[in-house]
There are 2 protein chains.
Amino acid sequence: MEMDERKATILQAIIRNYLETGEPVGSRTISKYTDLNLSSATIRNEMADLEEMGYIIQPHTSAGRIPSDKGYRFYVDTMMEAKDREISEMKKVLIERQDKLEDMLKGVVKLLARDTQYASLITAPSISMNKLKFVQLSRIDDEHLLAVIVKEGNVIRNKVIETIEPLSEETILKLNLMLNTQLSGMSMDEISLSMITGLKVQAGSHSSVIADVIDAVAEAISAEEDLKVYTSGTNNILKYPELSDNSEKAGHLINTFEEKEGLEELMSTELSGDDGTGIQVYIGSENKVEGMEDCSVVTATYELGGGMKGTIGIVGPKRMDYDKVVGTLKSLKSGLDDLYKKDN
Amino acid sequence: MEMDERKATILQAIIRNYLETGEPVGSRTISKYTDLNLSSATIRNEMADLEEMGYIIQPHTSAGRIPSDKGYRFYVDTMMEAKDREISEMKKVLIERQDKLEDMLKGVVKLLARDTQYASLITAPSISMNKLKFVQLSRIDDEHLLAVIVKEGNVIRNKVIETIEPLSEETILKLNLMLNTQLSGMSMDEISLSMITGLKVQAGSHSSVIADVIDAVAEAISAEEDLKVYTSGTNNILKYPELSDNSEKAGHLINTFEEKEGLEELMSTELSGDDGTGIQVYIGSENKVEGMEDCSVVTATYELGGGMKGTIGIVGPKRMDYDKVVGTLKSLKSGLDDLYKKDN
DNA sequence: TGTTAGCACTCATTTAGTTAGAGTGCTAAC
DNA sequence: GTTAGCACTCTAACTAAATGAGTGCTAACA
């Protein structure tokens, strides 16, 4: 049995209808809905075939059909028509150009949640540059030293270091000079053990401070921590009976969003079937995050330039308005991408 | 009509029973539950009185009674016996002494949520000292300057400032010296306009940089931003039918927790009736945050020393195990308070 | 005067039974 | 290959009756 054009039309009609109503779709509905001019009986025959092929499912004997994961996948891959969506508010948010990246991300993800009515998330663009630009030590008081670590891309980290004995301004100046001549421009794997011991020897009695500083540098440089995830509209999960009827599952999902467990992986694994648009769709069990078997996830990768890539996406029920969501994500993605182009 | 001892005993029995079962409590139950040796008929008379006085409510004619807000309040104020609770895990979390305050707070709030099974939140200790310790300008590259602002209490803020023209190392050194001799030790309201203009004049051609730096200082010094709230266990809201049956309301609550709207106020308003334990209970409509009319909120103020006060608390249904919650909060509060004492 | 037994009454919840309707699969005719 | 027709299935909605917990009130009792 193979998929012919008529079967595809019928499948499309079933899915469209099911997305709209959420009710199983019967043969009579399709008979009227499509312009194939076929009677319900004929449709029934075709539907039996589609069920055999695994595209649709019958919840119980005397009900209509609903799409299976395979059915959704077919729809998304071949029949979806992404609606172009103008996010008018977006421009405001982006043009205001909040100087804190964090605020911008929060704004965008909030916008996405409001527009789609699905739980939304965004990852901060991850910095692939992990080189140290410079370190700046300053004396805070007799027991505390401040280490400011500036990475390539002007990402800044602070660390307060406790000192055993007070350090004079001159010593600090000397340490600063020493650290920067040796370390600046380095990435973590370039900083060898011998360099560290060398520095310690040079520092003499202050070697423990140097050790602490290098620890701080190492921590700051390893970029993992930067994979921060912001969420918005988690409460939308409750709007979809498929997800909220089982409050056990809904609670688990909400918890996942609050604790951000596993969301990084969700947002970072790239599906092989990426079609170049940067949009990816994961349907039901295609999704490997625990508790999301009944969800679909749609993500888009955006790029702020300089290799800074982040991901923005939504999590919703399998019965979701894919066309709208993909359209919205495309629009947001291009908005974010443009941000960089304009900037330069 | 006044509250005598017997009425109080009966009220207590009603509330205790209702907290356990969640079902309206009838006269017969009380007759057996208490050791007053009264028949159900007598209890009924007393219950009629209690209802007239506003301590209990009858959901419908032929049902038992449930406590009103006023009833809960009476219970909490005069009859509650906080169970002493040992949070064994807590020591681990606190002793590990995560060097980042943020991680510690997240750990504590997670613990609270796990222990109580209620939605939990914690505010970072707010720094009441808003004096500037020092400013440190560093050159990042030709167009960017880094301003590190250190406040009393060693709270640190960074700000990248764009410069119109490249600044030499000497200029930056000079600006640093100038800023610190003038500004260090100052609070915002001590920094007068004339001082600022004075600085600008001194800076000559670099006055715009000075303006930017002072803006950054002003922003950093105003402590508002420090009132960060961390949450955990929001999903517990779904565990309590009183809150989750109406998924509209539950969604709103979850949203409040995600966006942290209004939670700062919730955690910072101190009830007049504070009894010196630092524990506060808000029942139902006593609570002024939107959407929390059906909740009770219990908070505890902790102090990390040096005037750094924060608040930790839970939000749950009015029918909550007050004894347990208050016990847990007391335990956590004293754990946090001790943290500081040990430290010094 | 406070307490209790008894009784009629109320009302939410449960249970069972019925009905209505949507949809199917299959067969036979077109 | 398509369609009309029919028997069948199963859910959802509705109705009616039974259940039972709990009340308020009255009258009797100590």
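Chain letters run A, B, ... following the sequence lines, proteins first and then strands; every chain starts at 1. Since the structure is predicted, the reported quantities are computational estimates derived from the model, not experimental observations.
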Subject >> Atom pair distance, as rounded to whole Å: NZ in B/K32 and P in D/dA21 >> reply: 10 Å

Original post:
Is there side-chain contact between A/F257 and A/L121, with heavy atoms separated by less than 4.5 Å?
Top reply: yes

Original post:
In whole angstrom, what separates A/D4's CG from D/dG1's C1'?
Top reply: 13 Å

Subject >> Rounded interatomic separation in angstrom, taking CD from B/E23 and P from D/dG22 >> reply: 9 Å

Original post:
Among A/Y18, A/Y72, A/F74, whose ring pair (Phe, Tyr, Trp, His ring centres under 6.0 Å) with A/Y55 holds?
Top reply: A/F74

Original post:
What is the distance, rounded to the nearest whole Å, between atom CG of B/D49 and atom P of D/dT23?
Top reply: 14 Å

Original post:
Rounding to a whole Å, what distance do you find between B/N45:CG and D/dC25:P?
Top reply: 10 Å

Subject >> Of B/E46, B/E23, B/E51, the residue whose pairing with B/R65 passes salt bridge (Lys or Arg N to Asp or Glu O under 4.0 Å) >> reply: B/E51

Original post:
Is B/S39 side chain donor-acceptor paired with the C/dT4 base, going by distance under 3.5 Å alone?
Top reply: no

**OP:** Tell me the partner of C/dA28, counting only Watson-Crick (N1-N3 plus N6-O4 or O6-N4) or G-U wobble (N1-O2 and O6-N3) with both under 3.5 Å; none if nothing fits.
**Re:** D/dT3

Original post:
For D/dA21, which nucleotide is its Watson-Crick or G-U wobble mate, given both distances must be under 3.5 Å?
Top reply: C/dT10

Original post:
Can you check the A/I57 CD1 to C/dT24 C1' distance for me, whole Å?
Top reply: 17 Å

**OP:** Could you check whether B/T61 gets within reach of a base, just the sugar-phosphate, or nothing at all, counting any heavy atom under 4.0 Å?
**Re:** sugar-phosphate

Subject >> Proximity to the side chain of A/H60 - top-ranked nucleotide from D/dG24, D/dC10, C/dT3 >> reply: D/dC10

Original post:
5'-most contact on DNA chain C: A/V25 or B/A41, nearest heavy atom basis?
Top reply: B/A41

Original post:
Taking the side chain as C-beta and beyond, is there a heavy-atom pair between B/K318 and B/C295 under 4.5 Å?
Top reply: no

Original post:
Which nucleotide, D/dG24, C/dG25, D/dT2, lies nearest any side-chain atom of A/Q58?
Top reply: C/dG25

Original post:
For the pair made of CD1 in B/I56 and P in D/dG24, what is the distance, rounded to whole Å?
Top reply: 9 Å

Original post:
Do the side-chain N or O atoms of A/R6 get closer than 4.0 angstrom to the phosphate oxygens (OP1, OP2) of D/dT2?
Top reply: yes

Original post:
So, is B/T42 near the phosphate of C/dT4, with a side-chain N or O under 4.0 Å from OP1 or OP2?
Top reply: yes

Subject >> Presence of donor-acceptor pair under 3.5 Å, side chain of A/R44 and base of D/dG5 >> reply: yes

**OP:** Please indicate whether B/D35 has more than 12 foreign heavy atoms, meaning atoms of other residues, nucleotides or ligands, lying under 6.0 Å from its CG.
**Re:** no

**OP:** Give B/S27 one of three labels, base, sugar-phosphate or nothing, depending on what nucleic acid heavy atoms sit under 4.0 Å from its own.
**Re:** sugar-phosphate

Subject >> Separation of atom CG in B/N37 from atom C1' in C/dG2, rounded to whole Å >> reply: 15 Å

